[in-house]
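As structure tokens, the structure follows; a few thoughts come after it.
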Amino acid sequence: MNVPDIIIAIDGYSSTGKSTFAKLISQAFGFLYLDSGALYRGVTFFALENGMIEGTDRIDLGRLIPALETLDIHFEEGSKTFLGKRCIEDRIRTLEVSSSVSPIAAVPEVRAYVDRRLREFGERGRIVMDGRDIGTTVFPNAQLKIFMVADDQVRAQRRYDEMVAKGETPDFQEVLDNLKERDRIDSTREVSPLRQAEDAFVLDNSDMTLHEEVVWIRGLIQGRFDIRETRWLWVWPLR
Ligand code: DC
């Protein structure tokens with residue numbers, strides 16, 4: 001399917017499967033995938049490693065804000081997150097980083113840093129980006145906006161399964177509480193809170209397979225951009 005050079009913005013609550021869905025779209029249409037949450041996680045990892053966070057949310061802004069000027073977080077090897085020359089992809093997905101990322105993402109200077117980076121990456125078009133404020137703040141002119149939601153228990157189970165698959169031994173209730181707490185902080189912060197853009201299409205994937213999600217987005221893109229095509233390139237996901 002010949003998809004025009006658009007920006008696709010995917011926002012939504014934690015663990016609604018945004019990144020899996022965005023990666024599938026990037027494969028199916030040959031788009032570049034950018035995970036904005038990975039940048040917030042990268043800043044959080046950097047702050048934790050340098051002793052700038054006490055407990056889960058007391059942040060040493062006096063040290064963090066000046067450090068942002070030279071902080072080099074970027075993507076290599078497809079969509080792996082790097083801090084300078086170091087791959088930190090696995091290290092940014094731990095519960096420790098997840099527990100401190102929302103307070104870090106509420107700092108206006110951190111948001112300005114991430115927004116600047118995302119807009120640099122996004123200049124070339126043909127990108128699919130996921131996050132919380134892509135359709136509302138980072139790319140308000142994105143030609144296609146999706147807002148993803150799913151049932152709390154389903155989301156927590158997905159996160160839990162991911163962690164188990166990585167060899168971790170999470171506590172289900174802790175994973176669920178962490179999700180809810182992040183949603184609360186993300187939705188109520190002053191700068192760019194998580195909310196649905198007025199022109200976003202809602203995708204509730206609580207009871208959908210990945211295959212159904214791909215069928216859904218294909219139909220949406222075809223209708224939206226009036227694309228007539230008989231030969232479809234299918235991506236067959238496992239779930
Ligand atoms: O999508 P994720 O769980 O990897 O995101 C990590 C955190 O980053 C999330 O709790 C909120 C924050 N975030 C944000 O505030 N704005 C974005 N565009 C993306 C993520």
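Just follow the structure's listing: the first ligand is 1, and inside any ligand the first atom is 1. Residue indices begin at 1 and follow the sequence shown.
Set against the non-hydrogen atoms of G37, the atoms of ligand 1 under 4.0 Å away are 4 (O), 5 (O), 19 (C), 20 (C).
Under the 4.5 Å side-chain heavy-atom criterion for grouping Ile, Leu, Val, Met, Phe, Trp and Tyr, L176 is not connected to V149 through any hydrophobic cluster.
Proximity of R132 to ligand 1, defined as any heavy-atom pair under 4.0 Å, is shared by backbone and side chain alike. No part of E181 comes within 4.0 Å of ligand 1, judged by heavy-atom distances. Contacts between D186 and ligand 1 below 4.0 angstrom, taking non-hydrogen atoms only, involve the side chain exclusively.
Annotation: ring-ring contact (aromatic ring centres under 6.0 Å, His included) contacts of F75 (sequence neighbours excluded): F121. Checked against salt bridge (charged side-chain N to carboxylate O under 4.0 Å, His left out), R132 has the following partners two or more places apart in sequence or in another chain: D186.
Y40 and R111 form a side-chain donor-acceptor contact under 3.5 Å, judged by distance and modelled atom types alone. At a cut-off of 3.5 Å, with distance as the only test, a side-chain donor of Q173 or D177 sits close to an acceptor on the other residue.
Counting only non-hydrogen atoms, the option in R182, R93, R111 that gets closest to atom 3 (O) of ligand 1 is R182.
Side chain of D11 to main chain of D133: a donor-acceptor pair is present (N/O by atom type, distance under 3.5 Å, no hydrogens or angles).
Among protein heavy atoms, atom 8 (O) of ligand 1 sits closest to Y40 CB, 3.6 Å. Closest to atom 4 (O) of ligand 1 among all protein heavy atoms lies R41 NE, 2.7 Å. The closest protein non-hydrogen atom to atom 19 (C) of ligand 1 is S36 OG, 3.3 Å. Closest protein heavy atom to atom 18 (N) of ligand 1: D133 OD1, 2.8 Å. Looking at atom 12 (C) of ligand 1, its nearest protein heavy atom turns out to be A105 CB, 3.8 Å.
For ligand 1, one of its N or O atoms has an N or O atom of S102 under 3.5 Å away. An N or O contact shorter than 3.5 Å is missing between S14 and ligand 1 by distance.
E162 and R158 are not joined by a salt bridge, as no carboxylate oxygen comes within less than 4.0 angstrom of a charged side-chain nitrogen.
Between N205 and A150, the closest heavy-atom pair is OD1-CB, 3.3 Å.
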